[in-house]
There are 2 protein chains.
Amino acid sequence: MFVGRGSSVLTRENGPQPADFADVRATNLAVVLRHLRTHAPCSRADIAATTGLNKATVSSLVTDLIDRRLVREVGMTENRIGRPAVMLVLDGSPYAAVGLEINSDYLTAVALDLAGERLLSWRRAFSGTAGQPGQAIAALAALARRTVSKLSHDGRRVLGLTVAVPGLVDADGVVELAAGLGWQRVDVRKSLLAALGEPGYPLLVENDANLAVLAEQRLGAQNGTGDLVYLTGGASIGAGIISDFRLLRGARGFAGEFGHLPLDPAGPVCGCGRRGCLEAYAGVGAVIRRALPDVGIETALSPSEFGPHMDEIQRLAKADDAHVLDALTETGAHLGHGIAILANLINPACVVLGGYFTDLAPWLIPSAARELAARSAAADSGGTVIVTSALDSSAAAAGGATRVLDAIDSGALPTPR
Amino acid sequence: MFVGRGSSVLTRENGPQPADFADVRATNLAVVLRHLRTHAPCSRADIAATTGLNKATVSSLVTDLIDRRLVREVGMTENRIGRPAVMLVLDGSPYAAVGLEINSDYLTAVALDLAGERLLSWRRAFSGTAGQPGQAIAALAALARRTVSKLSHDGRRVLGLTVAVPGLVDADGVVELAAGLGWQRVDVRKSLLAALGEPGYPLLVENDANLAVLAEQRLGAQNGTGDLVYLTGGASIGAGIISDFRLLRGARGFAGEFGHLPLDPAGPVCGCGRRGCLEAYAGVGAVIRRALPDVGIETALSPSEFGPHMDEIQRLAKADDAHVLDALTETGAHLGHGIAILANLINPACVVLGGYFTDLAPWLIPSAARELAARSAAADSGGTVIVTSALDSSAAAAGGATRVLDAIDSGALPTPR
DNA sequence: CTTAGTTCGTTTACCGTCCCAACTAAAGAC
DNA sequence: GTCTTTAGTTGGGACGGTAAACGAACTAAG
């Protein structure tokens with residue numbers, strides 16, 4: 001009685017954009033590419049059977065992908081009845097995806113090949129807080145040039161470059177506000193495009209938590225989960241939220257302000273000037289003050305001072321220092337309170353602790369999970385689990401490269417030549 | 001250098017589903033239908049110019065839609081240079097979309113025509129709390145039959161039927177938990193399909209807040225907003241969340257548990273057994289206890305008793321009763337606290353107060369907005385505004401009918417005959 | 001009244017993509 | 001050596017969107 005394929009994404013949730021054959025082709029090319037990403041190595045026949053595409057169509061699509069050097073044939077199956085199948089894999093060698101991260105104390109560059117293998121991972125110290133945006137962008141551009149030049153020298157074409165910024169970024173790549181960097185209304189995309197001489201590849205700018213959660217979804221242990229939250233544990237606590245396989249940005253891109261969830265109007269003063277923000281209970285500064293009371297409570301800590309203190313806390317925790325263990329348990333409970341709020345509203349399958357939280361996770365998670373379980377409206381915490389990030393501090397940069405691969409996987413393929 | 005239409009939704013965010021011609025056709029039919037919904041009356045030439053589709057394609061698509069009786073020609077333009085255009089509108093008369101709502105004290109039925117005009121709006125009292133699920137479903141089926149029979153008698157074909165349930169509903173239409181009804185693991189969809197004799201139209205079951213926010217998005221004042229939250233103000237406070245034009249459900253469908261946001265572990269006891277839930281501060285029960293201290297604080301109120309008390313509160317507020325005004329200001333502040341948490345995480349453009357909150361909104365919103373502004377991390381509350389629902393208590397049922405129209409607009413068209 | 005100009009919508013020819021079915025290819029089984 | 005089984009290609013058909021030409025129906029102006 002009713003026409004239309006019930007679950008065809010093509011016909012659902014589309015905007016006003018009409019479709020034509022080019023779209024069908026791009027969609028199906030992307031289907032094959034994604035299938036190969038998750039199921040490689042496999043044969044044309046496998047792809048046809050699994051995706052529902054016709055054998056002839058798959059042959060045509062695969063030929064196209066091989067022409068574009070995105071896919072490669074790699075040997076045959078053996079020891080089976082029937083004609084042996086030609087196995088296909090993603091071709092890692094001709095391309096690279098680049099992610100950069102700028103933070104208050106360092107710059108990071110990560111490059112991945114098409115298959116998601118890490119090609120390089122660079123970091124350099126950087127005192128961005130003191131500098132003007134112009135200097136920071138010059139440094140970022142220098143790093144980008146070095147990275148791209150290294151990749152080109154290895155015979156790779158750059159598929160795209162994404163910059164992670166710890167702040168609010170609009171759709172055009174303008175950083176509206178980045179408190180940690182002291183930036184306001186900085187058009188990072190335009191400046192960087194100019195500094196790089198208008199390169200041919202796509203250049204995007206995105207919030208660091210949003211990119212980190214992409215990396216966690218694709219490269220981390222939570223591989224393939226569609227409902228996922230990443231908590232940055234840096235100068236501030238931001239949440240990158242993926243819901244139903246899509247980044248949640250909000251109307252103006254302000255979503256994920258986890259650190260400033262208002263808990264108690266009579267609580268401690270937060271860096272933002274308000275009282276009782278979650279960050280004032282569970283932020284890095286609060287952890288240090290609670291665990292190392294000898295560190296000056298009066299003075300605000302600068303981000304570059306976090307590292308040594310966190311190392312010290314981790315050392316004491318490993319040595320079973322009772323005070324530090326108590327401090328971490330208490331911090332975990334506050335974090336769990338915030339996560340319970342998150343879980344009641346968003347109901348993610350998983351909350352990943354990143355940044356400085358990663359190293360302290362063994363001592364934070366037990367009390368956080370306890371608190372989450374106690375404060376979840378749904379039974380069994382609604383299925384939400386708290387885990388440690390499987391990625392190191394380059395998560396956001398890796399996410400930037402992942403973002404480029406996502407675009408490829410969605411049909412924005414490079415041309416054959 | 002890069003292939004693919006940058007903004008084609010068809011090639012973005014798709015699952016593993018491949019595309020074919022039927023999808024292109026369905027997509028473009030839906031594009032025309034949606035254009036007519038928002039821009040009617042307009043001509044074929046208008047549609048071609050606005051959507052980017054070819055004139056010939058639009059002609060073909062419109063012919064198809066007229067054959068299916070979804071679109072109707074209605075007169076010509078006049079007083080213009082050139083050949084007059086034939087104007088097109090959605091044809092309201094041949095079809096109907098039905099939404100039902102079951103609640104602890106009433107059943108509601110709403111029917112809309114294709115253009116969104118209300119065809120009927122029925123309500124009957126119902127004491128579901130005492131009854132078994134079987135009785136409730138029998139009552140629901142009876143109401144559905146009467147509704148469908150009335151519409152058929154008027155010569156309309158039913159496009160679909162959606163049931164709103166105040167509880168957690170899974171993707172197959174099984175109600176996992178509905179505290180207000182005392183239900184657990186009730187397969188509403190299956191039972192209702194059986195009771196209605198396996199009708200040919202699609203039958204869905206969905207959470208009431210999710211449907212109410214759909215109604216608010218399409219029929220309410222916030223028409224067309226992509227980031228929107230609806231707060232039910234009934235026996236409990238649920239949030240229906242639309243983010244980037246999609247319902248946010250969470251990994252297990254538990255998203256939107258707004259009423260049980262954990263605020264203060266030392267706070268008042270909530271109906272769920274925990275302490276300090278938002279509902280214990282700002283729920284209907286809390287409003288009544290705070291505004292009408294003479295009402296027995298000790299005994300739990302049953303939902304059927306809410307109505308008279310809320311009427312009384314509204315009467316006193318209109319009469320400028322100082323105690324009641326203070327109580328509402330305080331309630332609004334608590335509500336604003338919860339909304340600030342929501343805004344920091346989700347950043348909606350708009351939060352709509354529904355249910356019993358609607359009538360009290362004039363006295364709740366000022367303090368709620370104040371609190372939201374004070375506790376938002378982003379400037380200007382991140383653009384989030386708090387508004388009164390434009391729909392009456394049939395919002396969820398209307399949303400059920402809207403849900404059916406959404407499916408049509410997404411390409412699941414009825415067959416020509 | 002006639003002619004030019006404008007706009008609407010259809011008609012026609014064309015092209016790209018997918019599907020189906022038949023075909024070839026290459027192995028193991030008997 | 002022939003049969004069976006599975007892999008992948010080829011050619012024909014259908015479908016749907018595109019482009020350009022065309023007829024239709026109106027206004028404007030001489």
Side-chain angles (χ1 to χ4, degrees), chain A residues 3-5 8 10-11 14 17-32 36 41-67 71 73-88 411 413, chain B residues 3-5 8 10-11 14 17-32 36 41-67 71 73-88 411 413:
Chain A
V3 165
R5 301 156 55 155
S8 166
L10 196 149
T11 62
N14 293 356
Q17 294 86 350
D20 65 6
F21 299 112
D23 297 318
V24 174
R25 187 70 173 178
T27 300
N28 290 340
L29 284 168
V31 166
V32 172
L36 276 170
C42 65
S43 69
R44 292 168 173 82
D46 286 341
I47 297 172
T50 312
T51 63
L53 286 162
N54 190 278
K55 280 200 301 172
T57 308
V58 171
S59 269
S60 160
L61 293 166
V62 166
T63 303
D64 203 342
L65 291 173
I66 289 177
D67 286 347
V71 167
E73 296 187 340
V74 46
M76 305 255 186
T77 51
E78 286 158 33
N79 304 328
R80 264 199 316 159
I81 294 182
R83 172 176 167 178
V86 179
M87 301 312 270
L88 303 166
L413 305 185
Chain B
V3 164
R5 301 155 55 154
S8 167
L10 196 149
T11 63
N14 292 355
Q17 295 87 351
D20 65 6
F21 301 114
D23 296 317
V24 174
R25 188 66 173 179
T27 300
N28 290 340
L29 283 168
V31 166
V32 173
L36 277 170
C42 66
S43 69
R44 292 169 175 80
D46 286 341
I47 297 172
T50 312
T51 63
L53 285 161
N54 191 281
K55 281 199 302 174
T57 307
V58 171
S59 270
S60 160
L61 293 166
V62 167
T63 305
D64 203 342
L65 292 172
I66 289 176
D67 285 348
V71 166
E73 296 187 338
V74 48
M76 305 255 187
T77 50
E78 285 156 34
N79 304 329
R80 262 201 319 161
I81 217 172
R83 174 175 165 178
V86 180
M87 300 313 268
L88 304 168
L413 305 184

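In what follows, chains are A, B, ... by sequence order, proteins preceding strands, each numbered from 1.
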Next on the checklist: So Val86(A), base contact, sugar-phosphate only, or nothing? Heavy-atom distance under 4.0 Å.
Outcome noted: sugar-phosphate
Item to check | Matching residue for Val32(B) among Leu61(B), Thr51(B), Val71(B) - test: side chain to side chain contact (heavy atoms under 4.5 Å, CB included) | outcome: Leu61(B)
Checklist entry - Between Leu88(A) (CG) and dA7(D) (P), how many Å, whole number? => result 12 Å
Item to check | Closest contact, heavy atoms only, Ala19(B) versus Val24(A) | outcome: O-CG1, 3.5 Å
Item to check | Donor-acceptor contact present, side-chain Asp67(B) to main-chain Asp64(B), <3.5 Å | outcome: no
Next on the checklist: At less than 4.0 Å, is any side-chain N or O atom of Arg25(B) found next to OP1 or OP2 of dG17(D)? Yes or no.
Outcome noted: yes
Next on the checklist: Measure CG/Asp23(B) against P/dC15(D) and give the value in whole Å, please.
Outcome noted: 16 Å
Next on the checklist: Counting only side-chain nitrogens and oxygens, does Asn28(B) get under 4.0 Å of the OP1 or OP2 atom of dG16(D)?
Outcome noted: no
Next on the checklist: At 4.0 Å (heavy atoms only), tell me whether Ser60(B) reaches a base, stays on the sugar-phosphate, or touches nothing.
Outcome noted: nothing
Item to check | d(CG, Asp46(B); C1', dC8(C)) in whole Å | outcome: 10 Å
Checklist entry - In whole Å, what is the span from the CG atom of Leu53(B) to the P atom of dG17(D)? => result 8 Å
Checklist entry - To the nearest angstrom, how far is Arg44(B) atom CZ from dA25(D) atom P? => result 14 Å
Next on the checklist: Among dT17(C), dT5(D), dG17(D), which nucleotide has an atom closest to any side-chain atom of Ile81(A)?
Outcome noted: dT5(D)
Checklist outcome for this item: Per atom distances to the Ala45(B) side chain, the nearest of dG8(D), dC19(C), dG9(C) is dG9(C)
Next on the checklist: Applying a 4.0 Å non-hydrogen cut-off, can you work out what Ala56(A) is touching in the nucleic acid: base, sugar-phosphate, or nothing?
Outcome noted: base
Checklist entry - Is there a side-chain polar atom (N or O) of Thr57(B) under 4.0 Å from OP1 or OP2 of dG16(D)? => result no
Checklist entry - Closest approach of Arg44(A) and Leu88(A), non-hydrogen atoms and distance? => result CG-CD1, 3.9 Å
Next on the checklist: Whole angstroms only, please: what is the CG-P distance between Leu65(B) and dG16(D)?
Outcome noted: 13 Å
Next on the checklist: Quick check on DNA chain C: between Asn54(B) and Phe21(B), whose nearest nucleotide comes earlier from the 5' end?
Outcome noted: Asn54(B)
Item to check | Separation of dG8(D) P from Ile66(A) CD1 (nearest whole Å) | outcome: 11 Å
Checklist entry - Which one, dC19(C), dC8(C), dG17(D), comes nearest to the side chain of Val24(B)? => result dG17(D)
Checklist entry - If you check the Asp20(A) side chain, which of dT18(D), dG8(D), dT17(C) turns out closest? => result dT18(D)
Item to check | Atom pair CG (Leu65(A)) and CG (Leu36(A)), whose distance is rounded to the nearest 0.5 Å | outcome: 7.5 Å
Item to check | Nearest heavy atoms of Met87(B) and Cys42(B), plus distance in Å | outcome: CE-CA, 3.6 Å
Checklist entry - For Lys55(A) and dA25(C), what is the distance between atoms NZ and C1' respectively, to the nearest whole Å? => result 11 Å
Item to check | Proximity to the side chain of Pro84(A) - top-ranked nucleotide from dA7(D), dC20(C), dA26(C) | outcome: dA26(C)
Item to check | 5' priority, DNA chain C, between Arg83(A) and Leu61(A) [closest heavy atom] | outcome: Leu61(A)
